[in-house]
Amino acid sequence: MTTPLTRRAMLAGTAITAATLAGCKATGSSTSSGEEVVCEEPPAIFLKPGATVLLQGDSITDAGRSRKTQDTANDFDMLGKGYAKLIAYHLLTEHADKQLKIYNRGISGHKVPDLDKRWDKDCIDLKPDVLSILIGVNDMWHKMNGRYDGTVESYEAGYKALLARTRASLPDVQIIVCEPFVLRCGAIKDIWFPEFDQRRAGAKAAAESVGAVFVPFQSMFDAAVAAGSPPNHWAGDGVHPSAHGQGLMAARWLSDTGLG
Amino acid sequence: MTQPISRRQLLTTTAAAASTAAIAAAAIPGQAQAHPHVMAAMKPAITLKPGATVLLQGDSITDAGRKKDNLEPNNKDALGKGYASLIAYHLLTAHKDKNLKLYNRGISGHKVPDLDGRWDRDCIELKPDVLSIMIGVNDYWHTVAFGSKYKGTVESYKTGFHALLQRTKDALPEVQLVLCEPFVVRDADRTTRADWFPEFSDRQAVAKEAAKSFGAVWVPFQTMFDDAVAAGTPNKHWSGDAIHVNGNGAALMAMRWLHETGLA
């Protein structure tokens with residue numbers, strides 16, 4: 001039998017077997033059919049009944065959410081208008097029996113140090129079972145505007161420290177790190193590179209430092225553009241995704257977490 | 001282990017098992033017996049072979065402003081602005097090594113007999129490996145609006161839909177079918193287009209039954225939107241007229257389609 005297992009199927013398989021079979025992360029395991037199953041992917045995310053899911057980040061996550069109802073889980077206005085809300089309503093409809101509590105606490109303009117300052121209130125105190133973070137575009141953008149002096153190194157170090165702190169306070173939290181991304185249009189000029197790529201690598205290294213699921217939004221948008229769509233279809237200014245961009249992000253997030 | 005396995009994970013595991021001689025059974029023998037849903041989920045998800053053609057068919061909700069004179073696969077203008085385009089770009093990015101060909105051939109206003117009239121050109125000749133159909137809203141709507149010129153019944157919808165699917169299976173024995181539930185995005189107190197029910201429910205039941213008869217993956221959009229409204233969203237958030245979805249509704253549909261097909 002030579003039918004390749006899809007990546008997604010391997011992910012799901014990994015998640016199921018993780019608790020019952022040790023060593024899925026080894027190079028492979030034989031099956032009754034003799035096929036090698038390689039489980040290279042991190043485990044998918046589990047949602048237990050009553051789980052709290054927190055989405056954190058900057059304006060892309062914020063997407064116009066209401067601050068007034070921010071303590072009310074699953075509130076329509078609190079969830080904003082972006083990928084966080086799309087993810088929330090997919091989970092709330094597909095897992096309607098689980099009584100999930102979903103929060104969006106993204107804040108427009110924020111960078112890693114801004115998350116760090118509000119992390120007790122806006123993350124630890126909420127005791128999330130699942131935490132998704134998308135942060136990094138402002139860490140670069142604000143530096144280029146002369147409003148911030150962070151470096152590639154301080155971004156990666158700060159991000160790793162934030163995640164380590166989270167893991168220390170919430171040992172069982174399942175973490176998802178979303179890759180910061182830009183589209184090559186609008187505000188995004190050649191001068192962003194290669195530094196932005198180095199920052200993306202920093203986010204990936206931070207994800208690996210705590211065993212987080214990494215959602216590769218930059219690769220996704222690069223592939224979408226390579227497939228024939230213009231960059232501004234996904235984000236007019238190169239940074240803030242359109243409804244289409246948000247939809248694609250939510251689909252990918254759900255896919256890579258195994259919750260799709 | 002007490003952690004419940006999500007339905008989605010069961011589905012994909014089952015799909016993987018189906019194509020690789022029961023990996024799931026080999027890997028988690030105790031689990032399979034412990035969870036009755038494992039047996040219930042023995043429906044295979046959709047598989048995408050390299051070079052597969054995926055065709056999305058339907059009415060205005062699928063059409064979503066696509067350029068009718070552009071017949072190319074994977075073309076942004078040809079894919080429209082709705083759930084079909086989001087599905088397409090998710091598949092093209094998540095499975096970019098597979099060289100998939102995605103087509104949208106939905107046409108605004110169409111009913112089952114309209115699909116039948118253009119099926120050779122717009123389905124059979126494209127030889128889809130995966131065919132998704134969402135049809136039924138106009139089969140009802142045109143009997144009660146626009147001068148009620150259409151005289152179709154629940155029975156003729158059923159007969160016509162079954163005939164279309166049988167013809168498809170005869171011409172394309174290997175095609176993997178996905179049937180999407182026609183829907184109305186109702187408000188919480190169910191007053192939105194209340195006059196559509198229960199006859200519209202009868203047609204939804206026909207579509208669901210057809211999915212079962214033809215071994216198609218069923219995508220329950222009505223349940224999904226009912227759940228979304230029950231979870232606290234205004235129905236207007238997904239659709240202005242309760243029939244044509246906006247970008248938010250299209251995104252939710254695309255995610256559910258990807259989920260149910262196992263292609264997410």
Side-chain angles (χ1 to χ4, degrees), chain A residues 1 3 5-13 15-17 19-21 29 31-35 37 44 46-49 74-76 81 85-90 92-96 219-224 226-230 233 242-244 246-248 250-252 254-255 258-260, chain B residues 1 3-13 15-16 19-28 30-31 45 47-48 74-76 81 85-90 92-96 223-228 230-234 237 246-248 250-252 254-256 258-259 262-264:
Chain A
M1 189 76 190
T3 309
L5 273 179
T6 68
R7 198 178 139 282
R8 196 43 213 91
M10 284 198 285
L11 254 176
I16 288 171
T17 53
T20 49
L21 284 185
S29 59
T31 70
S32 58
S33 64
E35 179 160 345
V37 180
F46 278 114
L47 287 178
K48 66 180 184 189
N74 310 338
D75 179 78
F76 176 63
K81 302 185 197 320
K85 175 209 59 185
L86 289 167
I87 288 168
Y89 281 101
H90 179 79
L92 290 170
T93 58
E94 176 55 30
H95 304 273
S219 320
M220 176 188 77
F221 282 120
D222 287 349
S229 55
H233 179 66
S242 61
H244 277 91
Q246 297 275 11
L248 200 66
R252 187 53 172 257
L254 289 163
S255 170
L259 300 176
Chain B
M1 150 158 167
Q3 195 116 46
I5 295 169
S6 82
R7 208 178 131 277
R8 183 65 197 76
Q9 284 153 351
L10 286 177
L11 256 175
T12 33
T13 304
S19 62
T20 60
I23 284 173
I28 47 167
Q31 211 66 36
T47 53
L48 289 176
N74 309 342
N75 180 279
K76 174 183 166 299
K81 301 184 198 313
S85 71
L86 286 167
I87 288 169
Y89 279 107
H90 179 78
L92 290 170
T93 59
H95 304 270
K96 67 175 176 179
T223 310
M224 178 187 77
F225 281 119
D226 286 349
D227 284 349
T233 53
H237 178 68
N246 57 25
N248 295 315
L252 201 66
M255 289 186 283
R256 187 56 170 255
L258 290 163
H259 173 90
L263 299 177

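Sequence lines set the chain letters: A, B, ... in the order given, protein chains first and strands last, and positions in each chain run from 1.
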| note | Output for pair (A:L248 CG, B:M255 CE), nearest 0.5 Å, gives 10.5 Å

| request: Measure across A:Y89 and B:L252 and return the closest heavy-atom pair with its distance rounded to 0.1 Å. | output: C-CD1, 3.8 Å

| field | Rounded distance [0.5 Å steps], NE2 in B:H259 versus NE2 in A:H90 | value | 5.0 Å

| query | What's the shortest heavy-atom distance between B:K76 and A:P230, and which atoms? | reply | CD-CD, 3.1 Å

| request: Side chain from CB out, backbone as N, CA, C, O: work out which of these in A:A227 comes under 4.5 Å of a heavy atom of chain B, or both, or neither. | output: both

| said: I'd like to verify something: which residue of A:A96, A:S229, A:A250, A:S242 has the highest number of heavy-atom pairs under 4.5 Å with chain B? | reply: A:S229

| field | Winner by heavy-atom pair count (cut-off under 4.5 Å) against chain A, out of B:T233, B:N74, B:N246 | value | B:T233

| task | Pick one of side chain, backbone, both or neither for B:T223, based on which atoms fall under 4.5 Å of a heavy atom in chain A. | result | neither

| query | With only heavy atoms counted, which part of B:A254 is less than 4.5 Å from chain A, the side chain, the backbone, both or neither? | reply | neither

| remark: In terms of heavy-atom pairs under 4.5 Å with chain B, the winner among A:A243, A:A88, A:G228, A:A224 is A:A224

| Pairwise side-chain contact, A:K85 with B:H237, heavy-atom cut-off 4.5 Å (strictly under) | yes

| Looking at B:L258 and A:A251, what are the two nearest heavy atoms and their distance? | CD1-CB, 4.0 Å

| request: Please report the shortest heavy-atom distance between B:K96 and A:A223, naming the atom on each side. | output: CD-CB, 3.7 Å

| request: Answer with side chain, backbone, both or neither: which region of B:D226 has an atom nearer than 4.5 Å to a non-hydrogen atom of chain A? | output: neither

| field | Heavy-atom closest pair, residues A:G247 and B:A251 | value | CA-CB, 4.1 Å

